[in-house]
There are 2 protein chains.
Amino acid sequence: MRVDPAAPSGRRRDEPARAAIVRAATEQFLAEGFQATSTDRIAAAAAVSKQTVYNQFGDKRSLFAAVVLGVTATAEAFGAELTAALAAVRRPEEVEPALRMLLRRWAAVALSPRVLAMRRLVIAEAGRFPELAAEYHRRAPEATLRTVAAGLADLVERGLARVEDPDRVAADLAFVLFGAELDRALFHPGTPPPDAERLDALVDHAFRVVRPLG
Amino acid sequence: MRVDPAAPSGRRRDEPARAAIVRAATEQFLAEGFQATSTDRIAAAAAVSKQTVYNQFGDKRSLFAAVVLGVTATAEAFGAELTAALAAVRRPEEVEPALRMLLRRWAAVALSPRVLAMRRLVIAEAGRFPELAAEYHRRAPEATLRTVAAGLADLVERGLARVEDPDRVAADLAFVLFGAELDRALFHPGTPPPDAERLDALVDHAFRVVRPLG
DNA sequence: CTGCAGCTGGACCGGACGGTACCGAGCGCA
DNA sequence: TGCGCTCGGTACCGTCCGGTCCAGCTGCAG
């Protein structure tokens with residue numbers, strides 16, 4: 001907690017330890033849950049002493065928060081990918097293929113084992129970490145939704161598509177696309193993610209039901 | 001574990017104890033989760049000794065299973081209610097009001113605090129109780145979906161509606177109806193359930209998007 | 001070379017938890 | 001009325017966990 005202004009030589013030698021702990025804790029938490037994971041196992045998995053864990057994070061709850069908020073970085077990256085995909089559209093006939101590709105990626109990510117495990121983990125602890133759960137939801141699934149909605153609005157603005165309410169359409173697309181699969185998957189850990197044909201079928205169906213273009 | 005054939009006098013005097021334990025355990029599990037609930041607290045809340053808990057259920061896991069599968073009885077009752085609502089439809093012009101009423105009830109139940117808490121609880125323990133989680137999903141949300149699909153198919157058979165794929169339409173209705181709300185609510189425990197206007201808006205939207213009638 | 005800061009391994013603590021052993025009370029049966 | 005058996009209450013056991021403390025080692029700065 002040093003507040004030295006213009007810190008001259010940031011000693012980054014402690015970063016590897018922190019990163020290793022976060023990585024190890026992420027794996028353990030995702031696999032076993034928060035309560036069932038002991039700090040001893042985390043330290044052992046990170047090849048670090050337990051004291052170092054407590055030096056870096058203070059207590060187990062803070063470590064958990066670091067883990068949960070840490071993975072939202074990948075959600076940000078995913079959002080950027082989606083934004084870029086829609087921003088690359090130049091001509092009206094490119095809209096549908098781009099949207100189909102976006103939906104495919106979206107479903108694949110939302111139904112990937114890691115994302116599902118993270119959802120289970122955060123939902124499981126939502127009662128004990130309410131603000132953390134809300135923050136995760138805001139930064140990950142909801143942020144993706146907003147990103148897609150913004151992408152749709154951008155298409156409209158550039159005269160490439162007609163969408164009345166981009167926010168609603170984005171949400172409808174998402175939940176017709178993978179709502180049922182997501183619901184099922186949350187209760188069935190270990191289920192393999194959808195294969196290519198299944199993804200195509202999901203996208204086809206969502207596209208048919210919601211009709212995002214006009 | 002006595003297997004007396006033709007047990008003459010069923011001693012139902014132990015039923016109250018069992019029922020009290022299940023009721024108390026349900027409240028505790030829903031509020032605190034499986035791991036954070038001690039059998040001592042359950043026994044105390046049920047006004048019963050811990051020994052009685054172990055006499056009745058053997059161990060904590062079996063008690064948990066009894067709790068989770070116990071609440072699926074209410075899901076069955078709810079399914080019967082929905083079936084009756086659609087079975088009461090006699091004339092084509094009654095279809096839409098009946099469906100709107102059904103969707104309202106469906107959303108209200110799916111987004112009720114107890115159902116949400118149960119979802120969180122079972123999802124949280126899905127890793128440690130895979131078959132139990134699968135069974136719960138099969139008996140509660142999936143059963144409701146199948147019930148609604150069967151009701152739609154029945155309407156079709158009686159010439160009161162035209163629905164191409166009742167299973168898909170039921171799922172689409174459900175997830176356009178409350179998919180987004182359900183997702184949000186899972187991460188925000190303690191949020192009040194939707195009020196009457198919100199429910200109406202959800203139903204309107206789902207009806208507009210999915211158009212179940214032809 | 002010397003000091004120092006931080007890491008390591010490990011012992012340790014207080015407490016909580018799942019599960020059990022034991023014992024007294026109450027009930028059915030004669 | 002007496003007897004035996006079953007059931008519930010209490011006290012207890014072993015274990016594990018979050019968190020702390022300590023002594024020794026290591027690598028960098030001056």
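Any value given below was found using the heavy atoms of this structure, including those in side chains, with hydrogens, waters and symmetry copies removed. Protein chains get the first letters and strands the later ones, always in sequence-line order, with residue 1 at the start of each.
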Checklist entry - Yes or no on side chain to side chain contact (heavy atoms under 4.5 Å, CB included) for A/Tyr136 and A/Leu121, after CA distance, side-chain angles and deciding distance? => result CA-CA 11 Å; A/Tyr136 175 80; A/Leu121 177 63; over 6 Å; no
Checklist outcome for this item: note: B/Gln56, atom CD; D/dG8, atom P; distance rounded to Å ~ 6 Å
Item to check | salt bridge (Lys or Arg N to Asp or Glu O under 4.0 Å) partners of residues 45-64 of chain A, not counting sequence neighbours, each pair once | outcome: A/Asp40-A/Lys50
Checklist entry - Got a salt bridge between B/Glu27 and B/Arg114, using NZ or NE/NH1/NH2 to carboxylate O under 4.0 Å? => result yes
Every protein N/O lying under 3.5 Å from an N/O of nucleotides 24-26 of chain D:
none

Checklist entry - Checking B/Arg128 side chain against A/Glu32 main chain: does a donor-acceptor pair fall under 3.5 Å? => result yes
Checklist outcome for this item: In short, side-chain hydrogen bond (donor to acceptor under 3.5 Å, both in side chains) pairs touching residues 70-83 of chain A with sequence neighbours left out are A/Glu81-A/Arg105
Checklist outcome for this item: A/Phe57 atom CZ is separated from D/dG19 atom P, nearest whole Å, by 13 Å
Distances for protein N or O near nucleotides 18-24 of chain C N or O, under 3.5 Å:
| from | atom 1 | to | atom 2 | distance (Å) |
| --- | --- | --- | --- | --- |
| C/dG18 | OP1 | B/Thr37 | O | 3.2 |
| C/dG18 | OP1 | B/Lys60 | NZ | 2.5 |
| C/dG18 | OP2 | B/Thr39 | N | 2.8 |
| C/dG18 | OP2 | B/Thr39 | OG1 | 3.2 |
| C/dG19 | OP2 | B/Tyr54 | OH | 3.1 |
| C/dG19 | OP2 | B/Lys60 | N | 3.1 |
| C/dG19 | N7 | B/Lys50 | NZ | 2.8 |
| C/dG19 | O6 | B/Lys50 | NZ | 2.4 |
| C/dA21 | N6 | B/Gln51 | NE2 | 2.3 |

Next on the checklist: How close do A/Leu177 and A/Leu103 get, counting heavy atoms only, and between which atoms?
Outcome noted: CD2-O, 3.4 Å
Checklist entry - Can you check the B/Phe29 CZ to C/dC17 C1' distance for me, whole Å? => result 13 Å
Next on the checklist: For A/Ile42 versus A/Ala25, what's the shortest heavy-atom pair and its separation?
Outcome noted: CG2-CB, 3.9 Å
Checklist entry - Could you give all pairs that pass the side-chain hydrogen bond (donor to acceptor under 3.5 Å, both in side chains) test and reach residues 200-209 of chain B, with sequence neighbours left out? => result A/Arg168-B/His205, A/Asp172-B/His205, B/Arg100-B/Asp204, B/Arg104-B/Asp200
Checklist entry - In whole angstroms, how far is the P atom of C/dA16 from the CD atom of B/Glu32? => result 14 Å
Checklist entry - Between A/Asn55 and C/dC7, does any side-chain N or O lie under 4.0 Å from OP1 or OP2? => result yes
Checklist entry - Which one, D/dC17, C/dT8, D/dG9, comes nearest to the side chain of A/Arg41? => result D/dC17
Item to check | Distance test, side-chain N/O of B/Ser49 to OP1/OP2 of D/dG8, below 4.0 Å | outcome: no
Checklist entry - What pairs meet the salt bridge (Lys or Arg N to Asp or Glu O under 4.0 Å) rule with one or both residues in residues 144-154 of chain A, with sequence neighbours excluded? => result A/Glu142-A/Arg146, A/Asp154-A/Arg158
Next on the checklist: Counting only side-chain nitrogens and oxygens, does A/Thr52 get under 4.0 Å of the OP1 or OP2 atom of C/dT8?
Outcome noted: yes
Checklist entry - In whole angstrom, what separates A/Leu63's CG from D/dC17's C1'? => result 15 Å
